[in-house]
Asker: 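Please find one structure pasted underneath; my questions will follow.
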Amino acid sequence: MASKWPSPKPTRKIFTISLIFLLCICAYFLGLRQHPSSAVALLRTTPCTTLPNTTTTTTAGKPNYFPACGMEYSEYTPCEDTKRSLKFTRHRLIYRERHCPEKEEILKCRIPPPPGYRNPFPWPESRDYAWYLNVPHKSLTVEKAVQNWIIYEGERFRFPGGGTMFPNGADAYIDKIGKLINLKDGSIRTAIDTGCGVGSWGAYLLSRDIVTMSFAPRDTHEAQVQFALERGVPALIGVLSSKRLPYPSSAFDMAHCSRCLIPWPQHDGILLIEVDRVLRPGGYWILSGPPINWKQHWKGWQRTKEDLNSEQLAIEKLAKSLCWTKLVEHGDIAIWQKPINHLNCKTNPKNTNNPPFCKPQDPDKAWYTEMQACLTHLPQVSSSKEIAGGKLARWPERLSAIPQRVSRGTVKGVTEETFIHDSELWRKRLSYYRTINNQLSQPGRYRNFLDMNAFLGGFAAALVDDPVWVMNVVPVDVKVNTLGVIYDRGLIGTYQDWCEAMSTYPRTYDFIHADSVFSLYENRCEREDILLEMDRILRPEGSVIFRENIDILTKIKTITDRLNWSSQIVHSEDGSYHMEKLLFAVKNYWTASPEHSNQQGSKPT
């Protein structure tokens with residue numbers, strides 16, 4: 001009769017199999033630790049809308065998140081901190097320039113959104129409305145009430161489109177300009193607004209396919225740049241002072257000052273000379289407000305006729321010394337045009353009072369670069385009718401045409417073939433991105449984009465048909481300066497050192513693209529400092545795409561987990577056999593609590 005007890009033989013087999021299985025698991029994780037790229041083959045690359053939330057834990061099993069900063073840092077701009085700025089001279093507004101914290105002063109905490117923060121209105125509704133709790137400042141509604149900058153209406157602000165010199169709206173004001181110069185034929189694509197207020201001029205130019213770099217200092221007009229960004233309008237914190245603006249030479253087709261209160265004739269005209277540097281050959285400078293039309297407004301401006309007349313004569317003389325031509329003065333608007341070349345400017349014996357031409361230098365160098373009271377050389381021409389540097393295509397053909405700086409061979413290592421290949425590559429990559437994050441294809445989900453390492457602007461160019469705008473950053477640490485090429489394409493951008501904070505407010509961007517940023521800054525500064533800065537300028541529920549070698553991505557993910565971002569590593573469009581991978585991440589929603597504590601808040605309905 002068979003025994004009712006099992007024989008020991010099967011038990012030994014089970015034990016042996018279990019032991020082998022455990023050894024295999026141990027070997028796998030040991031190999032994974034030494035070769036993390038092998039893990040990527042296990043990650044799926046199918047479309048997803050919600051990314052899994054992973055959290056790095058301490059040995060005690062508790063979340064190891066970065067702490068939240070105090071509510072007093074909710075609108076913290078590290079390099080334009082109002083307290084730090086008081087240490088610097090007020091001469092020429094130098095105290096309003098960038099003054100970044102020392103390494104030991106850098107915050108190691110997450111900037112809290114204000115209680116009740118919610119996603120901004122989608123574009124184009126955001127042009128006209130913003131949530132009050134997102135930017136809880138009412139001072140401009142009082143200071144600028146008669147000028148129709150901004151109106152407080154319950155839980156939101158409304159932007160009627162007014163400005164100091166256009167209280168009846170930017171649309172009507174731009175129409176007036178359009179009767180004086182052609183804004184419709186695509187020859188004017190990029191503009192710069194010095195002292196932009198809440199960005200209404202740039203906001204209403206967008207419907208005319210003109211993209212504007214709006215900037216203003218962080219000053220007594222509280223949160224003006226922040227309002228512009230909240231509206232979905234390109235803007236940066238900045239000031240015309242002692243340093244060059246962070247843009248290349250010959251970048252803008254049009255520059256604008258509407259009662260910007262900049263003392264143009266002072267300091268040997270150095271501020272208008274800087275505008276000349278960034279204006280393209282044949283570009284326009286538009287001035288409205290004091291002293292233009294002073295005979296009509298001198299009483300309201302509370303200045304004497306003599307003072308205003310003297311200022312206008314000084315501006316006229318300065319513009320003439322730059323070889324600019326005054327095209328028209330009509331009502332409150334005056335327009336000058338920069339020459340298309342410097343041939344007559346150099347040879348005309350009447351121009352003896354001109355600023356001298358600059359000694360040989362890099363006119364595109366503009367990161368903490370001192371302004372100079374000298375004219376930037378334009379490229380050589382053979383006749384007075386030739387446009388220095390070549391004629392740009394009109395928009396939208398300008399976007400895909402070979403940029404002039406590339407065709408002239410002035411950008412080292414960038415050829416026409418390089419440009420064409422880069423454009424095709426980014427169309428392919430964006431198409432792939434949309435399969436991973438299908439919200440990229442949803443109009444209104446994202447508006448403000450940042451490309452942290454833009455190269456030739458291919459990512460932004462691929463997005464051109466979407467209702468978005470892209471701030472293209474060329475890091476100052478790259479070997480080849482390509483920001484001029486980006487502007488030649490009719491796109492906008494700025495220089496930036498990612499070891500420092502960006503000149504913008506918290507919660508500026510809906511989407512950040514970081515291609516090879518961390519490999520560029522390897523051993524230059526702390527990864528966590530760059531990521532904390534990204535967290536500062538990214539909106540709650542904003543998205544990020546990192547593109548790096550898998551070994552760098554795994555280190556980035558460790559830090560993004562501590563930022564309480566949801567994230568997922570996936571293959572790139574090149575498949576599983578390439579070391580370059582992608583990390584898709586989403587900043588989870590949180591706010592400071594109503595009691596201004598550091599606790600997580602809940603999302604408003």
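Heavy-atom basis, side chains included; hydrogens, waters and symmetry copies ignored.
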Asker: Which heavy atom in Tyr589 sits nearest to a heavy atom in Gly116, and how many Å separate them?
Answerer: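 Closest heavy-atom pair between Tyr589 and Gly116: OH-C, 4.4 Å.
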
Asker: Closer than 3.5 angstrom, by distance alone: can the side chain of Glu329 be matched with the main-chain N or O of Ile292 as a donor-acceptor pair?
Answerer: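 It does not hold such a pair.
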
Asker: Give the minimum heavy-atom separation between Cys260 and Gly195, together with the two atoms involved.
Answerer: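 For Cys260 versus Gly195, the nearest heavy atoms are CB-CA, 4.3 Å.
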
Asker: Tyr247 versus Leu236: any side-chain heavy-atom pair under 4.5 Å?
Answerer: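 When only atoms from C-beta onward are counted, Leu236 and Tyr247 do touch, with a gap below 4.5 Å.
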
Asker: Side chain to side chain contact (heavy atoms under 4.5 Å, CB included) for Thr212 and Ile492? Distances and angles first, verdict last.
Answerer: CA-CA 8 Å; Thr212 304; Ile492 59 170; over 6 Å; no

Asker: Measure the shortest side-chain to side-chain distance between Leu287 and Trp336 over non-hydrogen atoms and say whether it is less than 4.5 angstrom.
Answerer: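 SC-SC contact between Leu287 and Trp336 confirmed.
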
Asker: Taking all non-hydrogen atoms of both residues into account, name the closest pair between Ile210 and Ala191 and its distance.
Answerer: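 The pair with the smallest heavy-atom distance is CG2-CB, 4.1 Å.
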
Asker: Nearest 0.5 Å please: distance from the CG atom of Leu205 over to the CG atom of Asp171.
Answerer: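 Spacing of CG (Leu205) from CG (Asp171) equals 9.5 Å.
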
Asker: For Lys179, is the NZ atom crowded, meaning more than 12 foreign heavy atoms sit under 6.0 Å from it?
Answerer: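 No, NZ of Lys179 has 12 or fewer neighbouring heavy atoms, counting only those of other groups under 6.0 Å.
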
Asker: Is there a side-chain contact between Asp561 and Trp565 in this structure, where contact means two heavy atoms from C-beta onward sitting under 4.5 Å apart?
Answerer: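 Side-chain contact under 4.5 Å: no.
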
Asker: Would you say Ser310's side chain and Asp307's backbone share a donor-acceptor pair under 3.5 angstrom?
Answerer: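 Between the backbone of Asp307 and the side chain of Ser310 there is no qualifying donor-acceptor contact (under 3.5 Å).
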
Asker: Heavy atoms only: give me the nearest Arg447-Leu206 pair and the separation to one decimal.
Answerer: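 That closest heavy-atom pairing would be NH2-CD1, 3.5 Å.
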
Asker: Donor-acceptor pair, Arg434 side chain versus Leu440 backbone, under 3.5 Å?
Answerer: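 Pair found, side chain donor or acceptor close to backbone of Leu440.
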
Asker: Does either side chain, that of Arg218 or that of Thr77, offer a donor lying less than 3.5 Å from an acceptor on the other one?
Answerer: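 Arg218 vs Thr77: donor-acceptor pair found between side chains.
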
Asker: With a 3.5 Å distance limit and no angle check, can you tell me whether Lys338 reaches the backbone of Asp276 through a side-chain donor-acceptor pair?
Answerer: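 Here the side-chain-to-backbone pair exists.
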
Asker: Kindly determine whether Phe157 and His137 satisfy ring pair (Phe, Tyr, Trp, His ring centres under 6.0 Å), including the steps that lead there.
Answerer: CA-CA 10 Å; Phe157 290 112; His137 300 290; 8.7 Å; no

Asker: Consider only side-chain N and O atoms of His99 and Glu80, and report whether a donor and an acceptor are under 3.5 Å apart.
Answerer: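 Absent: no donor and acceptor within the cut-off.
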
Asker: List the atom of Asn293, the atom of Asp332, and the distance in Å for their closest heavy-atom pair.
Answerer: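 Nearest heavy atoms, Asn293 then Asp332: ND2-OD1, 2.6 Å.
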
Asker: Would you please say whether a donor-acceptor pair under 3.5 Å links the side chains of Thr190 and Asp253?
Answerer: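 Per modelled atom types, Thr190 and Asp253 side chains form a pair under 3.5 Å.
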
Asker: Is the closest side-chain heavy-atom distance between Phe166 and Ser288 below 4.5 Å?
Answerer: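 Not in contact.
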
Asker: Judged by modelled atom types alone, do Arg90 and Tyr95 share a side-chain donor-acceptor pair under 3.5 Å?
Answerer: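 Present: a donor and an acceptor within the cut-off.
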
Asker: For the residue pair Arg303 and Trp298, would you count it as a cation-pi contact if the rule is NZ or CZ under 6.0 angstrom from the ring centre and within 45 degrees of the ring axis?
Answerer: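 That pair does not qualify as a cation-pi contact.
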
Asker: Given Trp264 and Trp285, is the ring pair (Phe, Tyr, Trp, His ring centres under 6.0 Å) satisfied, shown in steps?
Answerer: CA-CA 12 Å; Trp264 299 112; Trp285 183 54; 5.3 Å; yes

Asker: Do any N or O atoms from the side chain of Arg445 and from the backbone of Asp510 form a donor-acceptor pair under 3.5 angstrom?
Answerer: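 Absent.
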
Asker: Under 3.5 Å, side chain of Gln442 to main-chain N/O of Tyr446, donor-acceptor pair present?
Answerer: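 No, because the side chain of Gln442 does not come within donor-acceptor range (under 3.5 Å) of the backbone of Tyr446.
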
Asker: Does any donor atom in the side chain of Asn564 or Trp590 lie under 3.5 Å from an acceptor atom in the other side chain?
Answerer: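 Side-chain D/A pair, Asn564 to Trp590: absent.
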
Asker: Quick check: do Arg507 and Tyr117 have side-chain heavy atoms less than 4.5 Å from each other?
Answerer: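 Yes, their side chains come closer than 4.5 Å.
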
Asker: Decide whether Tyr509 and Thr504 meet the rule of one side-chain donor and one side-chain acceptor closer than 3.5 Å.
Answerer: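 No, because no side-chain N or O of Tyr509 sits under 3.5 Å from a partner of the opposite role on Thr504.
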
Asker: Look at Lys243 together with Glu370 and state whether they make a salt bridge at an N to O cut-off of under 4.0 Å.
Answerer: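 Judged by the 4.0 Å cut-off on N to carboxylate O distance, Lys243 and Glu370 do form a salt bridge.
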
Asker: For the side chain of Glu528 and the backbone of Ile559, is there at least one donor-acceptor N/O pair under 3.5 Å apart?
Answerer: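 Flag not set: sc Glu528 to bb Ile559 has no pair under 3.5 Å.
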
Asker: Checking side-chain polar atoms at under 3.5 Å, does Ser503 have a donor or acceptor matched by the opposite partner on Arg98?
Answerer: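 Yes, side-chain donor-acceptor contact under 3.5 Å.
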
Asker: Does the side chain of Gln226 pick up a donor-acceptor pair with the side chain of Glu230 at under 3.5 Å?
Answerer: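 The answer is no; no qualifying pair exists.
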
Asker: Kindly say whether Met452 contributes a backbone atom to a donor-acceptor pair with the side chain of Trp498 at under 3.5 angstrom?
Answerer: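 Present.
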
Asker: Heavy-atom distance under 4.5 Å between the side chains of Arg208 and Asp175, does that happen here?
Answerer: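 A side-chain contact exists here, since the closest heavy-atom pair is under 4.5 Å.
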
Asker: Given the ring of Tyr129, does Arg156 sit roughly above its face, with NZ or CZ under 6.0 Å from the centre of the six-membered ring and within 45° of the axis?
Answerer: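 Checked: cation-pi criterion met.
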
Asker: Will you find, in the side chains of Tyr73 and Asp81, an N or O donor that is under 3.5 Å from an N or O acceptor?
Answerer: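 Distance-only check fails for Tyr73 and Asp81.
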
Asker: Quick check on the 6.0 Å ring-centre criterion: do Phe252 and Tyr487 meet it?
Answerer: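 Yes; Tyr487 has its ring centre under 6.0 Å from that of Phe252.
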
Asker: Of Asn453, Asn472, Asp451, which meets side-chain hydrogen bond (donor to acceptor under 3.5 Å, both in side chains) against His513?
Answerer: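 In the set Asn453, Asn472, Asp451, the residue that makes a side-chain hydrogen bond (donor to acceptor under 3.5 Å, both in side chains) with His513 is Asp451.
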
Asker: Would Arg127 count as a cation-pi partner of Tyr204, with NZ or CZ less than 6.0 Å from the six-membered ring centre and within 45° of the ring normal?
Answerer: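 Arg127 over Tyr204 ring: yes.
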
Asker: Report yes or no: do Arg231 and Ser200 form a side-chain donor-acceptor pair below 3.5 Å?
Answerer: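 Their side chains do contain a donor-acceptor pair, which is all the 3.5 Å distance test asks for.
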
Asker: Under 3.5 Å, side chain of Trp131 to main-chain N/O of Asn119, donor-acceptor pair present?
Answerer: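 Here the side-chain-to-backbone pair exists.
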
Asker: Is a side-chain N or O of Lys108 found less than 3.5 angstrom from the main chain of Phe66, in a donor-acceptor match?
Answerer: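 No, Lys108 side chain to Phe66 backbone: no donor-acceptor pair under 3.5 Å.
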
Asker: Are the side chains of Glu533 and Met502 in contact, using a 4.5 Å heavy-atom criterion?
Answerer: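 Yes, their side chains come closer than 4.5 Å.
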
Asker: Looking at Glu104, I'd like to know if its CD atom is crowded, meaning that more than 12 non-hydrogen atoms belonging to other residues, nucleotides or ligands lie closer than 6.0 Å.
Answerer: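 Buried by this count: over 12 neighbours within 6.0 Å.
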
Asker: Are the side chains of His330 and Ile335 in contact, using a 4.5 Å heavy-atom criterion?
Answerer: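 SC-SC contact between Ile335 and His330 ruled out.
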
Asker: Have a look at Ile286 and tell me which of Asp193, Ile333, Leu327, Leu180 forms a side-chain contact (heavy atoms from CB on, under 4.5 Å) with it.
Answerer: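 Exactly one candidate clears the test, Ile333.
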
Asker: Does a side chain donor of either Ser566 or Asn588 reach within less than 3.5 Å of an acceptor in the other side chain?
Answerer: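 Yes, because at least one side-chain N or O of Ser566 sits under 3.5 Å from a partner of the opposite role on Asn588.
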
Asker: Between Phe159, Tyr132, Phe227, which is the residue that forms a ring pair (Phe, Tyr, Trp, His ring centres under 6.0 Å) with Tyr152?
Answerer: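 Result: among Phe159, Tyr132, Phe227, Tyr132 is the only option passing the ring pair (Phe, Tyr, Trp, His ring centres under 6.0 Å) with Tyr152.
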
Asker: Verify whether one side chain among Gln439 and Glu541 offers a donor that lies under 3.5 Å from an acceptor in the other.
Answerer: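 Judged by distance alone, the side chains do not pair up.
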
Asker: How close do Leu245 and Arg277 get, heavy atom to heavy atom, and via which atoms?
Answerer: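 So the minimum-distance heavy-atom pair works out to O-NH2, 3.1 Å.
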
